[in-house]
Amino acid sequence: MSYHEEDNSGKILLAVLAGAGAGIIAGMLMAPDKGAATRESLKNAATKYSGTLGEQLSKYGEELDTKFKGYVSKLEDMGVTMPGSSLNMKGDWNESKGKLKQQYAQLTDEDLTYADGKGDELVGRLQTKLGKAKSEVVKMLNDL
């Protein structure tokens with residue numbers, strides 16, 4: 001009695017190709033719409049769900065922002081961080097600039113120049129001009 005090992009890879013490949021072909025044919029025969037209509041309905045569904053997903057992400061982002069601010073405030077209250085240690089400005093900067101100019105007449109447009117990512121420069125200029133500590137300036141800006 002001899003043990004004979006057969007190479008079944010050709011049979012397996014043939015079976016896979018036959019199954020794939022049968023699936024394609026069945027899909028074409030059973031498809032409710034033509035290809036263009038099916039693609040259009042898939043596109044519409046994707047657009048609908050992407051809008052919903054965007055709204056959900058925005059909502060969760062706002063919730064996280066609120067929670068983060070609450071945690072920062074709690075850390076400040078506990079004395080772990082200094083009050084106003086993190087700059088977190090929101091809203092219309094031109095409106096905030098106007099409020100600052102009303103409050104502090106000595107501030108100029110140049111003093112109040114702000115660009116994203118350059119918050120430290122703004123804080124430094126205001127510290128110098130107003131003679132306040134960094135934490136006071138940051139708290140003042142965050143409160144606007």
Side-chain angles (χ1 to χ4, degrees), residues 1-103 107-130 132-144:
M1 209 182 223
S2 71
Y3 176 73
H4 187 276
E5 197 172 307
E6 288 186 35
D7 184 16
N8 291 329
S9 60
K11 291 179 183 177
I12 292 172
L13 180 60
L14 183 62
V16 167
L17 290 175
I24 290 171
I25 291 170
M28 288 172 50
L29 292 174
M30 297 175 144
D33 293 324
K34 292 188 177 197
T38 301
R39 285 190 300 274
E40 185 65 29
S41 67
L42 288 173
K43 180 180 147 190
N44 291 339
T47 302
K48 174 186 169 191
Y49 290 120
S50 70
T52 304
L53 179 63
E55 290 170 9
Q56 289 293 323
L57 286 174
S58 178
K59 182 179 123 187
Y60 291 134
E62 290 171 7
E63 288 177 13
L64 282 174
D65 188 46
T66 302
K67 286 181 181 181
F68 177 75
K69 286 180 182 177
Y71 292 139
V72 168
S73 179
K74 284 180 184 178
L75 289 172
E76 289 173 356
D77 292 344
M78 292 170 40
V80 175
T81 61
M82 296 295 292
S85 60
S86 59
L87 183 61
N88 190 8
M89 297 189 316
K90 280 198 169 186
D92 183 17
W93 175 240
N94 289 325
E95 187 178 312
S96 298
K97 255 179 21 178
K99 289 178 184 178
L100 286 170
K101 281 184 174 180
Q102 286 176 349
Q103 240 178 330
L107 294 177
T108 65
D109 283 333
E110 190 176 311
D111 296 329
L112 296 171
T113 301
Y114 172 73
D116 283 337
K118 305 279 185 175
D120 287 338
E121 291 176 13
L122 171 67
V123 170
R125 283 193 305 273
L126 293 177
Q127 274 183 268
T128 303
K129 198 76 172 204
L130 300 175
K132 294 185 176 222
K134 179 181 178 180
S135 60
E136 291 177 289
V137 172
V138 171
K139 183 157 178 39
M140 175 185 68
L141 291 172
N142 287 344
D143 290 345
L144 289 174

Can you name the closest pair of heavy atoms from L100 and L107 and give their distance?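 Here L100 and L107 meet closest at O-CD1, 4.0 Å.
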
Which heavy-atom pair separates L112 from W93 by the least distance, and what is that distance?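 Closest approach of L112 to W93, heavy atoms only: O-NE1, 3.1 Å.
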
Could you grab the distance from atom [atom1] of [X] to atom [atom2] of [Y], nearest 0.5 Å is fine?
X    : Y    : atom1 : atom2 : value
T108 : K97  : OG1   : NZ    : 9.5 Å
T113 : L122 : OG1   : CG    : 8.5 Å
K129 : E110 : NZ    : CD    : 8.5 Å

Taking only Lys NZ, Arg NE, NH1 and NH2, and the carboxylate oxygens of Asp or Glu, determine whether D111 and R125 approach each other closer than 4.0 Å.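 No, D111 and R125 are not salt-bridged.
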
Return the set of residues passing side-chain contact (heavy atoms from CB on, under 4.5 Å) with [X] (not counting sequence neighbours), or none when no residue passes.
X    : answer
E62  : S58
K99  : E95, L144
Q102 : none
K132 : Y104, L130, E136, V137

Is it true that atom CD of Q56 has more than 12 heavy atoms of other residues, nucleotides or ligands lying nearer than 6.0 Å?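 Atom CD in Q56 is crowded, with more than 12 foreign heavy atoms closer than 6.0 Å.
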
Just to verify, what does T128 make a side chain to side chain donor-acceptor pair (under 3.5 Å) with, not counting sequence neighbours?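 T128 satisfies side chain to side chain donor-acceptor pair (under 3.5 Å) with no residue once adjacent residues are dropped.
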
Who are the side chain to side chain donor-acceptor pair (under 3.5 Å) partners of N44, not counting sequence neighbours?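 Partners of N44 under the side chain to side chain donor-acceptor pair (under 3.5 Å) test: none.
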
Could you tell me which residues satisfy salt bridge (charged side-chain N to carboxylate O under 4.0 Å, His left out) with D109, sequence neighbours excluded, listed by chain and number?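 D109 satisfies salt bridge (charged side-chain N to carboxylate O under 4.0 Å, His left out) with K101 once adjacent residues are dropped.
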
Apply salt bridge (charged side-chain N to carboxylate O under 4.0 Å, His left out) to E40 and list each qualifying residue two or more places apart in sequence or on a separate chain.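 Salt bridge (charged side-chain N to carboxylate O under 4.0 Å, His left out) check on E40 returns nothing, list empty.
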
